[in-house]
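We use all heavy atoms of the structure for the numbers below, so side chains are in, but hydrogens, waters and symmetry mates are not.
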Amino acid sequence: MQRPHVQEAEATAVPPQRGGASATFAELLKRVKAEGLLDLDPRYYIGRLVLNTTLLLLGFAAFFALGDSWWQLAVALWMGLCGGQSAFMWHDAGHKAMFRSKKAASAVGYFHANLVNGVSFGWWVNHHNRHHSNPNHLDMDPDIGRRTAIFAISQYPTRRGVQKFIVRYQSVLFFVLLVLESFKMLKTAVLSIAQGKTKRPVLESFLLVARAAVYLALVFTVLSPVLAVAFVLVQQAALGVYFGMIFAPNHKGMEVRDGDEETLDWLERQVLPSRNIRPSLLIDFLYGGLNYQVEHHLFPAMPQKNLARARELTRAYCAERGVPYHEVGFWASYREVASFLHEVSAPVRRGDVDEQIRREASQAA
């Protein structure tokens with residue numbers, strides 16, 4: 001187990017029970033349920049869906065009003081923001097935090113993931129659910145495995161070619177390369193469908209193709225070819241950076257685990273590797289509630305609007321039980337991520353990777 005230098009199938013509200021299930025979590029869950037914080041509120045999400053639709057329509061209105069103008073790059077940035085806001089909808093739909101109806105939740109998920117953002121909803125649900133079960137586990141968390149950056153020096157030997165260069169300077173390049181995140185998600189969607197890893201390949205394929213056809217037809221009809229290419233690049237880069245900046249502070253630089261033996265109960269397994277960003281009206285909007293990462297991991301199916309109150313209960317409960325609870329401000333969260341990535345890759349810059357791996361293996365034994 002490593003500690004930092006600082007300190008789907010569809011997801012369910014209650015974690016799967018196992019031998020020696022955490023009595024401490026059961027008590028916190030009881031307090032949360034007593035206040036009705038796990039109760040669904042479809043009206044809230046209908047309001048969010050209306051807001052997101054309005055933001056998108058404003059973007060389309062500006063796009064058609066401006067025509068073939070380089071001011072369209074500002075619209076591209078706006079549409080990148082809209083795509084990130086849309087992602088919160090497929091995220092909460094995948095966690096069953098929106099509606100009791102599985103059909104309604106799936107409709108929201110496929111629309112906002114595949115059609116709006118070019119992401120495979122089927123792939124994402126499975127991928128994200130595995131992440132929730134074992135956050136920051138080197139072997140079991142797919143969010144760690146799919147990155148070029150390393151989160152433990154033991155991952156370095158698997159990196160090849162340009163990946164080694166990226167790892168060397170990963171404290172900076174991790175953020176720079178977020179401009180490619182949207183393209184990577186689209187590539188993953190196509191590969192997942194082609195490899196038969198999704199339950200509804202025909203539906204997902206149709207939505208992705210429809211998105212590409214409408215998107216490209218609009219930009220290349222309304223804009224000159226050079227501007228159209230610039231619009232696509234800027235919009236996709238903005239979306240990728242927004243995706244990455246939302247998810248980077250959640251776990252990067254927090255406790256990293258490895259090995260097969262599970263010694264932590266559910267409460268600690270979710271709290272210790274998670275970081276909250278101190279809330280405000282702006283932060284809550286920009287992060288779609290994911291700044292309450294501790295509470296989201298403890299209660300994945302909790303509606304977004306209830307996470308603030310759950311934070312109060314969880315902070316107090318962790319203080320009672322002596323469980324570390326990590327929350328920092330906006331800028332501090334990214335400084336911690338960058339510092340952690342820099343520290344992990346230090347043996348690469350020093351040239352003593354093998355020695356560091358042996359030292360850590362010896363300590364683990």
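Taking the six-membered ring where tryptophan is involved, the planes of Phe330 and Tyr334 are perpendicular, since the angle between them exceeds 60° and thus also 30°. Using a 30° and 60° split on the angle between ring planes, Tyr215 and Phe231 fall in the perpendicular class, above 60°. Ring-plane geometry between His128 and His131 is classed as tilted, the angle between the planes lying from 30 to 60 degrees on a 0 to 90 degree scale.
Across all non-hydrogen atoms, the minimal contact from Pro303 to Asp39 is CG-O, 3.3 Å. Closest approach of Val179 to Val241, counting heavy atoms only: CG1-CG2, 3.7 Å. In terms of heavy atoms, Ala189 sits closest to Gly118 at CB-O, 4.0 Å. Heavy atoms only, all atoms of each residue included: Gln163 and Thr158 are closest at OE1-O, 4.2 Å. Nearest heavy atoms, Leu29 versus Phe299: CD1-CE2, 3.8 Å. Listed here is the closest heavy atom pair of Ala149 and Phe174: CB-CD1, 4.0 Å.
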side-chain contact (heavy atoms from CB on, under 4.5 Å) assessment of Leu115 paired with Tyr110: CA-CA 7 Å; Leu115 190 59; Tyr110 285 111; over 6 Å; no
Verdict with supporting geometry, Val222 and Asp68, side-chain contact (heavy atoms from CB on, under 4.5 Å): CA-CA 6 Å; Val222 175; Asp68 192 22; 6.0 Å; no
Check against side-chain contact (heavy atoms from CB on, under 4.5 Å), Lys30 and Lys33: CA-CA 5 Å; Lys30 182 179 179 181; Lys33 282 185 171 181; 5.9 Å; no
Full working for side-chain contact (heavy atoms from CB on, under 4.5 Å) between Phe175 and Met245: CA-CA 8 Å; Phe175 297 99; Met245 297 299 278; 4.0 Å; yes
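To the nearest 0.5 Å, atom CZ of residue Arg211 and atom CG of residue Leu216 are 8.5 Å apart. Interatomic distance, Asn250 CG to Ile277 CD1, rounded to the nearest 0.5 Å: 7.0 Å. Note that the CD atom of Gln72 and the CZ atom of Phe64 stand 9.5 Å from one another [nearest 0.5 Å]. The CG atom of Leu313 sits 11.5 Å away from atom CG of Leu298, with the distance rounded to the nearest 0.5 Å. The distance from atom CD of Glu295 to atom CE of Met302, rounded to the nearest 0.5 Å, is 8.0 Å. Of the inter-residue distances, the one linking Ser333 atom OG with Met254 atom CE reads 11.5 Å to the nearest 0.5 angstrom.
Dense packing is recorded around CZ of Arg350, with more than 12 heavy atoms of other residues, nucleotides or ligands lying under 6.0 Å away. More than 12 heavy-atom neighbours from other residues, nucleotides or ligands sit within 6.0 angstrom of NZ on Lys184. Counting heavy-atom neighbours within 6.0 Å of Phe285 CZ, excluding the residue itself, gives a total above 12.
A salt bridge does not link Arg130 with Asp141: every distance from a Lys NZ or Arg NE/NH1/NH2 to an Asp or Glu carboxylate oxygen is 4.0 Å or more. Salt bridge Glu327/Arg311: present, at least one basic N to carboxylate O contact under 4.0 Å. Remark: Arg31 does not engage Glu35 in a salt bridge, criterion side-chain N to carboxylate O under 4.0 Å. Ion pair Glu355/Arg358 not flagged as a salt bridge, since none of the NZ, NE, NH1 or NH2 atoms sits closer than 4.0 Å to an Asp/Glu carboxylate oxygen.
The shortest distance between side-chain heavy atoms of Phe247 and Asp143 does not fall below 4.5 Å. Using a 4.5 Å heavy-atom threshold, the side chains of Lys197 and Trp123 count as separate. Between Leu223 and Phe63, the closest side-chain pair of non-hydrogen atoms falls below 4.5 Å. Ser154 has its side chain within reach of Leu138: a pair of non-hydrogen atoms, C-beta onward, lies under 4.5 Å apart. The shortest side-chain heavy-atom distance between Gln170 and Val344 falls under the 4.5 Å cut-off. Residues Phe243 and Leu178 have side chains not in contact (no heavy-atom distance under 4.5 Å, counting atoms from C-beta outward). In this structure, Asn114 and Trp90 have side chains that are not in contact, with every pair of non-hydrogen atoms separated by 4.5 Å or more. No side-chain heavy atom of Arg200 sits under 4.5 Å from any side-chain heavy atom of Phe121.
At a cut-off of 3.5 Å, with distance as the only test, a side-chain donor of Ser86 or His112 sits close to an acceptor on the other residue. Counting only N and O atoms by type, the side chains of Asn276 and Asn291 include no donor and acceptor under 3.5 Å apart. Of the N and O atoms on the side chains of Glu204 and Ser120, at least one donor lies less than 3.5 Å from an acceptor on the other residue.
No donor-acceptor pair closer than 3.5 Å links the side chain of Arg275 to the backbone N or O of Leu272. In this structure a side-chain-to-backbone donor-acceptor pair under 3.5 Å is missing from Ser345 to Val348. Counting only distance, with no hydrogens or angles, the side chain of Asn117 and the backbone of Val119 share no donor-acceptor pair below 3.5 Å. Between the side chain of Gln270 and the backbone N or O of His132, at least one donor-acceptor pair lies under 3.5 Å. Here the side chain of Asn134 pairs no donor or acceptor atom with the backbone of His137 at under 3.5 angstrom. Side-chain atoms of Tyr45 come within 3.5 Å of backbone atoms of Gln304 as a donor-acceptor pair (strictly under, hydrogens ignored). The backbone N or O of Thr148 lies less than 3.5 Å from a partner atom in the side chain of Arg159, making a donor-acceptor pair. Looking only at distances, no side-chain donor or acceptor of Tyr44 sits under 3.5 Å from a matching main-chain atom of Met98. Using modelled atom types, no side-chain atom of Asn136 and backbone atom of Arg257 make a donor-acceptor pair closer than 3.5 Å. Using a distance-only test at 3.5 Å, with no hydrogens or angles considered, a donor-acceptor pair links the side chain of Gln155 to the main chain of Phe151.
Put simply, Val50 and Leu40 are part of two different groups of oily side chains (I, L, V, M, F, W, Y) that touch within less than 4.5 Å, one to the next. No single ILVMFWY cluster, assembled from side-chain heavy atoms under 4.5 Å apart, contains both Leu207 and Val202. Taken together through direct or relayed side-chain contacts under 4.5 Å among Ile, Leu, Val, Met, Phe, Trp and Tyr, Ile246 and Phe340 form part of one hydrophobic cluster. Using a 4.5 Å cut-off between side-chain heavy atoms of Ile, Leu, Val, Met, Phe, Trp and Tyr, with links allowed through other members, Leu282 and Val328 fall into different hydrophobic clusters. Connection of Trp70 to Val75 is established within a shared hydrophobic cluster, with ILVMFWY side chains joined at heavy-atom distances below 4.5 Å, either directly or through further cluster members.
A side-chain contact (heavy atoms from CB on, under 4.5 Å) with Gln85 holds for exactly one of Leu51, Leu56, Val116, Asn52; it is Asn52.
Aromatic ring centres of His296 and His91 lie closer together than 6.0 Å.
Remark: Lys164 qualifies as a cation-pi partner of Tyr156 under the 6.0 Å distance and 45° angle criteria applied to the six-membered ring.
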